[in-house]
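Only heavy atoms go into these numbers, but all of them, side chains included; no hydrogens, no water, no symmetry mates.
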Amino acid sequence: MPAVTVSDITVLPRITQPDPAIAHERPVKSVTSAPSGYEGEGFPVRRAFAGVDLRDLDPFIHMDQMGEVEYAPGEPKGTPWHPHRGFETVTYMLDGIMEHQDSNGGGGVISNGDTQWMTAGSGLLHIETPPEHLVLSGGLFHGIQLWVNLPKIQKWAAPRYQDIRGGDAALLSTADGGALIRVIAGSVDGHEGPGSTHTPITLVHATVSPGAELVLPWQPDYNALVYVLAGQGTVGAERRPFRKGQLAVFGPGDTIRTQAGTTQPQAEPNLDVLIIGGRPIREPIAMAGPFVMNTRAEVVQAFEDFQAGKLGSIPAVHGAPTDLRSTE
């Protein structure tokens with residue numbers, strides 16, 4: 001799991017160790033296992049949020065762990081053209097390469113450690129595919145796609161892209177050098193990630209060495225979720241065991257604790273976790289397929305706008321209007 005690594009972790013800034021006398025450690029509310037499924041043209045995914053109450057996830061809606069899969073030549077798959085409205089998609093690539101395009105003319109290529117942040121907002125069409133040379137050669141593919149809700153006032157925002165290079169993430173370490181922390185968006189202990197978000201969130205990928213512990217200060221008004229990308233360990237002061245494909249949901253507090261097991265699976269030498277949290281929006285949610293709105297009528301309108309060709313055209317027409325609230 002290469003993502004972004006460093007040759008000498010001791011030169012990185014160290015996060016402040018929370019003072020146990022005043023820190024309010026978050027308890028673990030639940031640990032759930034992600035069921036497996038298929039997405040797009042048939043690539044395997046783990047549905048990370050399955051079975052978790054949306055109130056505990058808010059402002060997040062959905063997350064897939066894509067892969068980890070080693071494709072043979074000719075096997076790599078992507079998604080066909082599809083619409084989105086009302087939220088943001090965050091695609092974080094750990095291994096492999098993905099190309100993306102939209103009906104507004106946006107797009108790019110992301111690979112190991114890169115993040116593609118797409119604000120669908122008022123709506124667009126989107127496609128994600130492996131490049132032709134990867135289809136021919138095959139190879140390893142592993143990534144995460146996270147859906148971040150938008151508040152009602154921003155659901156009609158103009159679509160936009162951010163391509164965040166892996167090397168732009170803020171890199172930190174714990175005091176003992178036992179964990180590498182990549183801050184992709186938001187802030188950890190005063191260190192800012194490069195991602196610009198409509199909805200206030202923090203997104204972190206941490207690699208924790210066997211036996212090491214990670215205690216992160218966390219904003220009290222954010223929720224807190226930890227998903228295991230690889231390896232095994234424990235979570236919370238309760239030291240509840242969790243492993244690859246499991247999600248821990250935390251209760252209130254201002255610190256998060258996780259520890260890597262002293263032994264790890266042979267193919268996964270460290271505990272790798274995705275740590276996410278955000279300020280809950282606390283608005284009604286109506287969602288169906290690729291649309292996340294506040295009312296059923298808005299979802300119906302989104303389907304009608306899509307069928308009428310109002311979410312964009314292929315190939316893209318540059319300069320097309322993005323405010324689609326009028327349906328005339």
Spatial distance of atom [atom1] ([X]) from atom [atom2] ([Y]) [nearest 0.5 Å]:
| X | Y | atom1 | atom2 | result |
| --- | --- | --- | --- | --- |
| I285 | T295 | CD1 | OG1 | 12.5 Å |
| H84 | T89 | NE2 | OG1 | 5.5 Å |
| L12 | H191 | CG | NE2 | 10.0 Å |
| D19 | I22 | CG | CD1 | 4.5 Å |
| L94 | S111 | CG | OG | 11.5 Å |
| N149 | D58 | CG | CG | 7.0 Å |

Give me the atom names and distance for the closest heavy-atom approach of [X] to [Y].
| X | Y | answer |
| --- | --- | --- |
| P265 | G231 | CD-CA, 4.2 Å |
| A179 | T174 | N-OG1, 3.2 Å |
| T199 | R279 | CG2-O, 4.3 Å |
| P59 | N223 | CD-OD1, 4.1 Å |
| L311 | A302 | CD1-O, 4.4 Å |
| E25 | A237 | OE2-N, 3.1 Å |

With the side chain counted from C-beta on, respond yes when [X] and [Y] share a heavy-atom pair under 4.5 Å apart, and no when they do not.
| X | Y | value |
| --- | --- | --- |
| L124 | P159 | yes |
| H126 | S103 | no |
| E298 | F291 | no |
| M118 | E88 | no |
| V52 | L247 | yes |
| S33 | Q246 | yes |
| L171 | V4 | yes |
| Q116 | V90 | no |

Evaluate the side-chain contact (heavy atoms from CB on, under 4.5 Å) criterion for residues L180 and V6: first the C-alpha distance (whole Å), next the side-chain angles of each, then the deciding distance (0.1 Å), finally the verdict. CA-CA 9 Å; L180 172 61; V6 294; 4.3 Å; yes

Does I61 form a side-chain contact (heavy atoms from CB on, under 4.5 Å) with M287? I'd like the steps, not just the answer. CA-CA 9 Å; I61 297 293; M287 57 187 295; 3.3 Å; yes

side-chain contact (heavy atoms from CB on, under 4.5 Å) between T91 and E128, worked out: CA-CA 10 Å; T91 305; E128 297 161 305; 3.4 Å; yes

For [X] and [Y], indicate whether the former's side chain and the latter's backbone hold a donor-acceptor pair under 3.5 Å.
| X | Y | answer |
| --- | --- | --- |
| E304 | V299 | no |
| D95 | F141 | no |
| Q264 | Q232 | yes |
| R257 | G236 | no |
| S187 | G193 | no |
| R26 | G253 | yes |
| D114 | G166 | yes |
| D189 | T16 | yes |
| Q162 | S196 | yes |
| Q65 | L229 | yes |

Near-ring test Y92/H205, centroid separation under 6.0 angstrom: yes

So which residues get pulled into V183's cluster when ILVMFWY side chains under 4.5 Å apart are joined, directly or through others? I15, V28, V31, L172, I181, V188, V204, V208, L214, L216, W218, Y222, V226, V228, V235, F242, F250, I256, L271, V273, I275

Count I, L, V, M, F, W, Y as connected when their side-chain heavy atoms are under 4.5 Å apart, and connections chain through other members. Are [X] and [Y] then in the same cluster?
| X | Y | answer |
| --- | --- | --- |
| V249 | L54 | yes |
| V215 | Y227 | no |
| F60 | I281 | no |
| L150 | M293 | no |

Looking at R85 and D305, is there a salt bridge between them, counting it only when a charged N and a carboxylate O are closer than 4.0 Å? yes

Salt-bridge present (E283, K155; N to O < 4.0 Å): no

Worked check of side-chain contact (heavy atoms from CB on, under 4.5 Å) between I110 and R165: CA-CA 8 Å; I110 52 173; R165 299 298 107 185; 3.9 Å; yes

Look at atom CZ of R296 and say whether more than 12 heavy atoms of other residues, nucleotides or ligands are closer to it than 6.0 Å. no

According to side chain to side chain donor-acceptor pair (under 3.5 Å), who are the partners of R55, at least two apart in sequence or on a separate chain? D53

Quickly, which of I144, L225, V148 forms a side-chain contact (heavy atoms from CB on, under 4.5 Å) with M63? Name it, please. I144

Under the ring-ring contact (aromatic ring centres under 6.0 Å, His included) test, residues paired with H62 that sit two or more places apart: W147

One pair to check against salt bridge (charged side-chain N to carboxylate O under 4.0 Å, His left out): K244 and E68. What are the steps and the verdict? CA-CA 11 Å; K244 182 176 182 176; E68 182 175 4; 3.8 Å; yes

Do R182 and T207 have a side chain donor and acceptor closer than 3.5 Å? yes

Between R47 and D64, does the salt bridge (charged side-chain N to carboxylate O under 4.0 Å, His left out) criterion hold? Intermediate values first, please. CA-CA 5 Å; R47 308 291 192 192; D64 279 341; 2.6 Å; yes

